[in-house]
Protein chains: 2
Amino acid sequence: MKPVTLKQIAEQLNISVTTVSKALKDYPDISKKTKAMVKELAKTLNYKPNAFAVNLRTKESKTVGLIIPEIVHHFFSNVIKGIIAQAEKKGYLVIILQSNESYELEKKQIDLLLRQRVDGILISLANGSAEFHHLNEVMAQDKPLVMFDKIAKIVQCSKVIIDDRKAGYAATQHLIDTGCKRIAHFRGALLPQNSIDRFLGYKKALLDNNMPYDPSIVYICQCGDRSFEEGRENAKQLLMDHDDVDGIFINTDLVAIGAITEFNEQGVKIPEDISIVGFSNWFMSSVISPSLTTIDQPGYEMGKTAFKQLYKEIQQKKKNKAITHKQIVLDTALVKRASTK
Amino acid sequence: MKPVTLKQIAEQLNISVTTVSKALKDYPDISKKTKAMVKELAKTLNYKPNAFAVNLRTKESKTVGLIIPEIVHHFFSNVIKGIIAQAEKKGYLVIILQSNESYELEKKQIDLLLRQRVDGILISLANGSAEFHHLNEVMAQDKPLVMFDKIAKIVQCSKVIIDDRKAGYAATQHLIDTGCKRIAHFRGALLPQNSIDRFLGYKKALLDNNMPYDPSIVYICQCGDRSFEEGRENAKQLLMDHDDVDGIFINTDLVAIGAITEFNEQGVKIPEDISIVGFSNWFMSSVISPSLTTIDQPGYEMGKTAFKQLYKEIQQKKKNKAITHKQIVLDTALVKRASTK
DNA sequence: GATATCAACGAAAACGTTTTCGAATTTCAT
DNA sequence: ATGAAATTCGAAAACGTTTTCGTTGATATC
C-alpha cells in the first residue's frame, strides 16, 4: 500500500540506503553485481523515488509555472501546447494558471508559484497589468522568468514576442495596396504592449502612404470574453458613423469575425464594400465566409521558444552562472484570403 | 538571496523553530504576543513555507495531474478551464499533460504523475487506449482517479460524462423530425466509448422510426489533427457514392465544418439538399455559414464537476475513509441552427 | 614486509517542515 | 504555603532523499 522506499530495498538486501541510492544512479563506486541486484529489486517492487524528498534535497522540482490570460483561445492554447511539448522533452512538468486578464489574480498566482517553488515561470500578462512589482519579486529571488506575447518592456527578463508593429504595418499596407482609401482600426485595450504596437504600425503605414490618421475611426475593444460581440457592436457603430470607411484592420480575429457577421447580416459586401484584415490566424478564420485575411501568429513556436529560453536560464542558474536575458522576435506572415481584394 | 526559513526567524527572535511553526499556523498553545511577533517578522522577511519540505512532511502536494488528448480543442480547453478554476478555489494546482491521442504517451505520463506524487489524477483517454493496466496501477496505489468524457467503462473509478447515446439519438431524431429520409453518420474512431455511444444512439433512432440502418452510409473519422480534412473528404465521397442522402449526423463539429465547406464549394445547398447536425457546439459553429445545428456539450461544467469529485475522493483518502466511486452524467442540449430545417 | 593504491561500501549530515510529548513557568484555589 | 491546573514553549523524531567523507579490505608496488 505505502510506496516503497530506499530503506526498504536496503533492508531486504542487507545493504545501506546509501548504496541503494548510488546503485540506482549508477555511481562508479558501486560494483556491477550490487547495481544489478538493486535495480532488479527496485523494479520488482515498483520503486519510484519520492519526488518530495528529491525536491527538498536537490532544491529543484523540475516543474515550471505558466500564467496565461485565457485558456479557451486559439492562439494561447497553441502556445500552451508548444510549452508543454518542449517541457516534456526536457523532463519538465508545467503547472498552468489562468489570470483571466486580471492583475489581482495574476499577482496571487505569481505568489502561488513562488510558494510552490517552481524552477521558473512563463507568463503572458493580463490586460489589466500596469504595475510589475510582482514580477520584480520573481527576479529578486533570481528565479528565471520569461514573458511572451503580452510583455512589459520595463521588466528586465527574457521575452519572446512578434514584431506587432511591423505586423500591424503589413496588415494596413495590404489594405492600402488593395485599394482601400479610408481605413479604420479596431484596436485592443489600452495597456497591453502588443495592442499599442499594432496600432502604431497601423498609424505608421497610413503616414508613410500619405493618408490622414483619423482617431475618430479608431475603435477600442477589450478583447476579453466579449470579443465577438465587440466586433459586431463596433461594426454597427462604424456603419452609422463612418460609412465611407472601406477597410478595417482589426486587432484580433475573433473581433474581426464579429464584424464580418454584422456586415454579412446588414448586407455589406466584403471585400467589395469593405475589406477586413484580422490578427492571429485562428483556424476559424479560414472557414468563415468570407474567409478572413489575417496575420499569422506562430503560437506553438512561441511556446516552444519561450520554454527553451526558460530552460536555458534554469541551467545557467544551476551552474551559478549569471542569467543572460534575451529578446526573441518571431516572424509573422500575412495570410491573404477572401476578406480583402 | 536564499529563501528565508523557519530557522532564521527563530534565531532572530531567540525562540525555537517549533514555536515559529506553531505561531504561523495559529496553534492554541502559543501566546498572542509571540504569534504577533512571529507573524510580523515573517511578513517583513517575506517568508514563504518551503513547499518541498511541507510536501515531504505532510505527504501531499496540493497538486493534481490532468491528462488530455489534445489542448488546442474548443471542448477540451473549456474542460481545462473548468478544472483549473475549481482547483484554484480549493487551493490546488494542476499539472497538464497532453497525450496526443497516443496510448504509449498516456502510459508514460501516468507514470510521470505517479512519480511526481500528485494527490490525484484526472484523465480523458486517448483514442488509442484499449488497455488499462496503467490506470489500474493508479488505483492500486489508491490514488484518486477520475475519468471524464472519453472513459473506459471497465475501469473502477469515478467518471464524469454525458449521455452520448441519448445525445446521438436526439441529434438523429431531430434530422428525422425535420423531414430527412436517408440519414448518414460520420462516426468517430472505433475505440472510444463516446463515439461508439453516439453511433448507437444514431442507430437506435433510425430503428425506432422504422428507418433502415445502412452501414454503407456510416463513415469513420479519426477526429485527430485532420478532422476538418476528414469532413471534406467524407462529404466528397458521400456525394459520389450516395447522392440520395439528405441528412448527416456528424460525430464532432470540426468534421461537420469540413463537410459544410465541401458542400458549400460544390454548390450543395444546406439544409435544402442536405441537413447536418454536429456535436460539441464549438464556438466556430455559430459563426460559420450556414450556422451548424449541434449538440451542446458542457465542457466547463464537466471540468468543474470532475475536479469536484476528485477533490471529494482526496478528502476521503485523507480521512482514511473508503473512496466511493461515482458516475456523473451531465445534460446536453440540442442547439438548432441553420444547417437543419 | 611495509606502503601505497584502489574498489566497494556505509555513517552521518543535510534539506525545511510538522507534530508529539514533555518540561518549565505561571496562575489560581485552598 | 501547597498543590493542581493552565499556559507557554522546546527537544527531538520523522518524512525520504543525496552526497561528502571515511572506512575497510584487497591488491599492487618497491
Side-chain angles (χ1 to χ4, degrees), chain A residues 1-39 41-42 45-63 114-119 141 318-320, chain B residues 1-39 41-42 45-63 91 114-119 141 318 320:
Chain A
M1 205 63 127
K2 291 282 151 227
V4 40
T5 68
L6 290 184
K7 197 172 163 191
Q8 292 170 33
I9 296 181
E11 279 168 1
Q12 276 202 40
L13 295 176
N14 257 324
I15 56 178
S16 78
V17 170
T18 306
T19 307
V20 177
S21 172
K22 287 184 182 172
L24 289 174
K25 312 190 84 197
D26 269 326
Y27 270 57
D29 63 347
I30 303 295
S31 70
K32 308 234 177 258
K33 222 184 299 174
T34 315
K35 280 184 187 172
M37 197 174 69
V38 169
K39 283 178 180 172
L41 184 58
L45 291 184
N46 193 23
Y47 169 75
K48 294 186 206 300
N50 183 320
F52 300 157
V54 176
N55 291 349
L56 176 60
R57 184 53 226 234
T58 62
K59 295 176 179 311
E60 58 170 9
S61 59
K62 299 269 187 185
T63 301
L114 289 178
R115 294 182 115 78
Q116 186 71 11
R117 282 187 164 53
V118 291
D119 296 346
Q141 311 205 359
K318 268 174 79 169
K319 292 174 194 156
N320 284 319
Chain B
M1 204 65 130
K2 292 283 152 226
V4 40
T5 67
L6 290 183
K7 198 172 161 191
Q8 291 170 34
I9 297 181
E11 279 167 3
Q12 277 203 41
L13 295 176
N14 259 323
I15 55 178
S16 78
V17 170
T18 306
T19 306
V20 177
S21 172
K22 285 186 185 172
L24 289 174
K25 312 191 83 197
D26 268 327
Y27 271 55
D29 63 349
I30 304 293
S31 69
K32 307 236 178 254
K33 224 186 297 174
T34 315
K35 279 183 188 173
M37 195 173 71
V38 170
K39 283 178 182 174
L41 184 58
L45 291 184
N46 194 20
Y47 169 76
K48 295 185 205 301
N50 184 318
F52 301 157
V54 175
N55 292 348
L56 177 61
R57 185 53 226 236
T58 62
K59 294 174 179 310
E60 57 168 11
S61 58
K62 298 271 187 183
T63 300
L114 288 177
R115 292 180 116 79
Q116 187 72 11
R117 283 189 165 53
V118 291
D119 296 345
Q141 309 203 4
K318 271 174 77 171
N320 285 318

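Below, read A as the first sequence line, B as the second, and so on, with proteins coming before strands; counting in each chain starts at 1. For the numbers below, each heavy atom of this structure counts, side chains included, while hydrogens, waters and symmetry mates do not.
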What is the distance from [atom1] of [X] to [atom2] of [N], rounded to the nearest Å?
| X | N | atom1 | atom2 | value |
| --- | --- | --- | --- | --- |
| A:Lys25 | C:dC9 | NZ | P | 18 Å |
| A:Lys7 | D:dC15 | NZ | P | 6 Å |
| B:Tyr27 | D:dT7 | OH | P | 18 Å |
| A:Lys32 | C:dA7 | NZ | P | 12 Å |
| A:Asp26 | D:dT19 | CG | P | 14 Å |

> Can you find a side chain N or O atom of A:Thr34 that sits less than 4.0 Å from OP1 or OP2 on C:dC9?
Replying inline: yes
>> Is the phosphate of C:dC9 approached by A:Thr19 (side-chain N or O, under 4.0 Å from OP1 or OP2)?
In response: no
Measure from the side chain of [X], starting at C-beta and using heavy atoms only, and say which of [options] lies closest.
| X | options | result |
| --- | --- | --- |
| A:Ile15 | C:dT17, C:dG10, C:dC15 | C:dG10 |
| B:Ser21 | C:dT19, D:dT17, D:dT19 | C:dT19 |
| A:Asp29 | C:dT17, D:dG16, C:dG10 | C:dG10 |
| A:Ser31 | D:dG10, D:dT8, C:dC9 | C:dC9 |
| B:Leu56 | C:dT17, C:dG16, D:dC9 | C:dG16 |

> What's the spacing between B:Lys48 NZ and A:Gln141 CD if we round to 0.5 Å?
Replying inline: 6.0 Å
Look at all strands and tell whether [X] reaches a base, only sugar-phosphate, or nothing, counting heavy atoms closer than 4.0 Å.
| X | answer |
| --- | --- |
| B:Thr18 | base |
| B:Thr5 | sugar-phosphate |
| B:Asn50 | sugar-phosphate |

>> Tell me if a side-chain donor or acceptor on A:Thr58 pairs with a main-chain N or O of A:Val54 at a distance below 3.5 Å.
In response: yes
> Where each residue is assigned the nucleotide of DNA chain D containing its nearest heavy atom, which of B:Lys22 and A:Lys22 is assigned the position nearer the 5′ end?
Replying inline: B:Lys22
